[in-house]
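Here, residue 1 is the first one in the sequence, and each next residue gets the next number.
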Amino acid sequence: MTKREAIRVAAAGDIHCSEENRASVAGAFAGIAGQVDAILIAGDLTTFGEPKQAEVLADACRDLGIPVVTVLGNHDWHANRADEIVDVLSAAGIVVLDRSWTVLDCGATKVGVVGTKGFVGGFPDSTLTDFGEPIMRAVYAETTDEVEALDRGLEAVADCPIRIVLLHYAPTSSTIEGEPPGIWAFLGSDRLGRPIANHLPDLVLHGHGHAGTYEGFVGAVPVYNVSLPVMGRDFAVFELGDGSIHDVSGQPTAGETQRRKEVH
């Protein structure tokens, strides 16, 4: 592996951009940009999946001067205009990962980010199986494609000194504890955790579960649910580089608390 120096990344999910929160989104991104080496967004970028809502995020990130990497979430697919959303974000320099990966140059350190939306399927005691009606088996197959993409991506960035997985759906039940058990199957799948357990990236980030738990694990790999309602602030900030992960996030400010109310 090449040189590994300490870097800082900011992370957030479920920001649900719209015209109504344009000013607060712009302020949040402008405020964090000078403090970190990259920003990672764990999906649900828009409120209802409209390209005009994606323009709010694009405008907030266009001139930040640092890499911004994201995946889409279920809200971003709602209007079936995901391709248009990707075009809007890409034109602003945002890297949108979909069953893919990118390598960021953060100073002397290369950071491999593997990203995809993830999908549903559940966790032990409530797991969808590859059996029954074709439509149910298609759901299982969709998650299979996501799992296989994670595995390929982690293999591709294996030589990067720092490796991060970026998802929307949860790969472990440890970060959705607090959600009603009846909806766990729709919040993610432990099948997404298998390539994580095999490749041991440094950090995993996801969103989606608004009432879940901030910190969890897949084996020894730290997993964070960076959904805004869970975090209680605009961004989590992580320092990586010395063989461990340091969560250097502070407490939410009054302004951040108000912005979360505007979003939700």
Side-chain angles (χ1 to χ4, degrees), residues 11-14 16 40-46 48-49 70-78 80 82 97-100 114-155 164-201 203-231 236 264:
D14 304 85
H16 298 300
L40 307 181
I41 315 174
D44 276 6
L45 317 172
T46 64
F48 297 116
T70 189
V71 297
L72 300 185
N74 56 305
H75 278 245
D76 307 316
W77 276 93
H78 178 71
N80 200 26
L97 298 179
D98 181 14
R99 300 179 181 174
S100 56
V114 180
T116 195
K117 176 172 60 66
F119 203 44
V120 301
F123 303 91
D125 300 325
S126 179
T127 304
L128 178 68
T129 60
D130 188 17
F131 182 83
E133 298 96 320
I135 194 168
M136 295 301 292
R137 297 191 70 189
V139 172
Y140 185 92
E142 182 75 8
T143 304
T144 298
D145 290 343
E146 298 286 301
V147 171
E148 291 177 350
L150 275 183
D151 188 64
R152 290 193 303 271
L154 284 165
E155 183 68 30
I164 300 173
V165 169
L166 183 62
L167 299 164
H168 182 60
Y169 287 86
T172 169
S173 61
S174 60
T175 50
I176 59 169
E177 299 219 358
E179 298 278 2
I183 68 169
W184 280 22
F186 304 102
L187 297 178
S189 170
D190 65 341
R191 295 172 63 206
L192 295 165
R194 295 175 190 171
I196 293 168
N198 289 338
H199 291 276
L200 302 176
L203 176 65
V204 178
L205 305 166
H206 75 86
H208 192 49
H210 289 200
T213 300
Y214 177 56
E215 183 179 22
F217 294 90
V218 170
V221 178
V223 180
Y224 288 90
N225 180 347
V226 292
S227 168
L228 258 65
V230 169
M231 292 195 300
H264 300 287

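- For CZ of Phe186, the number of neighbouring non-hydrogen atoms (other residues, nucleotides, ligands) closer than 6.0 Å is 12 at most.
- Taking each heavy atom of Gly212 and Asn225 in turn, the nearest pair found is CA-ND2, 4.1 Å.
- Atom OG of Ser126 and atom CG of Asp190 lie 10.0 Å apart (nearest 0.5 Å).
- Considering CG of Leu45 and NE2 of His75, their distance stands at 11.0 Å, rounded to 0.5 Å.
- Counting all heavy atoms, side chain and backbone alike, Leu154 lies closest to Val165 at CD2-CG2, 3.8 Å.
- Each side-chain hydrogen bond (donor to acceptor under 3.5 Å, both in side chains) pair with one or both residues in residues 170-183, not counting sequence neighbours, appears once here: Thr172-Ser174, Thr175-His206.
- The CG atom of Leu40 sits 8.0 Å away from the CG atom of Leu203 when rounded to the nearest 0.5 Å.
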Could you walk me through whether Leu150 and Val114 satisfy the side chain to side chain contact (heavy atoms under 4.5 Å, CB included) test, starting with their C-alpha distance in whole Å, then the side-chain angles of each, then the deciding distance to 0.1 Å, before giving a yes or no?
CA-CA 7 Å; Leu150 275 183; Val114 180; 3.9 Å; yes

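- Within the structure, salt bridge (Lys or Arg N to Asp or Glu O under 4.0 Å) pairs that include any residue of residues 121-141 comprise Asp130-Arg137 (at least two apart or interchain).
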Determine, stepwise, if the pair Glu146 / Tyr169 fulfils side chain to side chain contact (heavy atoms under 4.5 Å, CB included).
CA-CA 11 Å; Glu146 298 286 301; Tyr169 287 86; over 6 Å; no

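- Side chains of Val230 and Tyr224 form no contact here, defined as non-hydrogen atoms less than 4.5 Å apart.
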Could you check His168 against Leu72 for side chain to side chain contact (heavy atoms under 4.5 Å, CB included), going step by step and ending with a plain yes or no?
CA-CA 7 Å; His168 182 60; Leu72 300 185; over 6 Å; no

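- If you run side-chain contact (heavy atoms from CB on, under 4.5 Å) between Val226 and each of Ile41, Leu205, Asp14, Leu166, only Leu205 comes through.
- Of the possible polar contacts, none joining the His208 side chain to the Ala42 backbone as a donor-acceptor pair under 3.5 Å is found.
- When all heavy atoms of Leu192 and Pro195 are compared, the pair lying nearest together is O-CD, 3.5 Å.
- Considering every non-hydrogen atom in both Pro171 and Val204, the closest pair reads CG-CG1, 4.1 Å.
- The structure places OG1 of Thr70 at 8.0 Å from CG of Leu97, a figure rounded to the nearest 0.5 Å.
- Residues Leu187 and Val120 fail the side-chain proximity criterion, which asks for heavy atoms closer than 4.5 Å.
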Start with the C-alpha distance between Ile176 and Phe123, add both sets of side-chain angles, then the distance that settles side chain to side chain contact (heavy atoms under 4.5 Å, CB included), and finish with yes or no.
CA-CA 11 Å; Ile176 59 169; Phe123 303 91; 3.4 Å; yes

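- Nearest heavy-atom pair across Arg191 and Val147 is O-CG2, 3.5 Å.
- Scanning for salt bridge (Lys or Arg N to Asp or Glu O under 4.0 Å) contacts around Glu142 gives Arg99, with sequence neighbours left out.
- At least one donor-acceptor pair closer than 3.5 Å links the side chain of His16 to the backbone N or O of Thr46.
- Closest approach of Asp44 and Asp76 over heavy atoms only: N-OD2, 3.0 Å.
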